[in-house]
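Taking it in order: structure first as structure tokens, then the write-up.
Just so you know, ligand 1 is whichever comes first in the structure, and atom 1 is the first atom listed for that ligand.
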Amino acid sequence: MPENNLSPASISAALKTHLIGQNIIYYPSLTSTNTMAKQEAQRGAVEGTVVIADEQTAGRGRKERVWLSPKGGIALSIIVRPNLSYLPSLVMVASLAVARCIEDIADLKPQIKWPNDVLINGKKVCGILIENDIRGERVDYAIIGIGINVNIRVVDFPEIRPIATSLSDELGREISRVKVVQNLLTHLDELYLSLKAGGSVYEEWRDNLATLGRNVTVKIGESTFEGIAEAVARDGSLLLRLSDGSLTKVVAGDVTLRH
Ligand code: BTN
């Protein structure tokens, strides 16, 4: 059985990041790491601060949805203070870091479903919620919230069973959550610092998308569109070719891959 202590001391041991995870705030149980990270950011927490919990009692997903966060999973939020110009790239940084981490640690082949769900064999293993506080042209802070189903038996959770998977379900064994967190923070550190230094994460993100070239249904508010996911733009938006031949740009929406 892998060790299961997510305390700052166990994560910090052997963590070689420069920015992300230099300050770690741990809770055995918390409503939502994103909510707590916002409060910490407002209180002036340094960039790179990580809020992590063994379980969340009110985990939040995109579009006001609930995110189930039982013990055995990973729920963490990172405080960053980016320039406005690279705010759209945070979804790419976060989803790529998770995909790289899963390849490294579990030797599985994850794919990213636009914009930032991470899938294994077509099922969701990770969700990402980014929340910003923008004042005029300045980003006061952005919170990158990441939830990964690590050692969870998805069969025990009927509400997510049809669409979700976990690393332990895919591997048939449990893995060390500390190693997953350390590896994830290392990739986040590298990708985020490269972005800040003027590098691009767009190409690698685009090349890892499961969505491109696929027939998709996109739900935007109450409207639904069907078409082919033709491309993604550098600002992260999806270019959807509709059946009448027109191309529409989708900035935010829920994508379902059609078979
Ligand atoms: C989604 O797919 O809808 C996004 C899910 C994001 C869940 C993570 S878990 C850590 C952080 N805290 C939250 O309350 N939500 C995010």
With respect to S69, determine whether any N or O atom, backbone or side chain, lies less than 3.5 Å from an N or O atom of ligand 1. no
Can you name the atoms of ligand 1, numbered from 1 with element, that are less than 4.0 Å from a heavy atom of G59? 14 (O)
So that I can tick it off, tell me whether R65 and D254 are bridged by a salt bridge, with the cut-off set at under 4.0 angstrom between side-chain N and carboxylate O. yes
Tell me the contacting part of T35 for ligand 1: side chain, backbone, both, or neither, using a 4.0 Å heavy-atom threshold, strictly below. neither
State plainly whether the residues R161 and D156 are in salt-bridge range, i.e. N to O under 4.0 Å. no
R60 neighbourhood, listing ligand 1 atoms whose heavy-atom distance to it stays under 4.0 Å: 5 (C), 6 (C), 7 (C), 13 (C), 14 (O), 15 (N), 16 (C)
Closest protein heavy atom to atom 3 (O) of ligand 1, given as residue, atom name and distance to 0.1 Å: R62 N, 2.7 Å
For ligand 1, indicate whether the residue K63 contacts it via side chain, backbone, both or neither (heavy-atom separation under 4.0 Å). neither
Please table the atom pairs, donor to acceptor, closer than 3.5 Å between any side-chain atom in residues 42-52 and protein atoms at least two apart or in another chain.
residue, atom, partner, partner atom, Å
Q42, NE2, Y141, OH, 3.0
R43, NH2, E40, OE2, 3.0
E47, OE1, K196, NZ, 2.6
E47, OE2, R81, N, 2.6
E47, OE2, Y192, OH, 2.6
T49, OG1, N23, ND2, 3.1
T49, OG1, V46, O, 2.7

Under 3.5 Å, which donor-acceptor pairs do the side chains of residues 108-115 form with other protein atoms, sequence neighbours left out?
residue, atom, partner, partner atom, Å
K109, NZ, E103, OE1, 3.0
K113, NZ, V255, O, 2.6
W114, NE1, G236, O, 2.7

Please determine if S32 has a nitrogen or oxygen closer than 3.5 Å to a nitrogen or oxygen of ligand 1. yes
Quick one: does R65 get a heavy atom under 4.0 Å from ligand 1? no
Considering only heavy atoms of S77, which atoms of ligand 1 have at least one such atom less than 4.0 Å away? 11 (C)
Under 3.5 Å between some N or O of ligand 1 and some N or O of W67? no
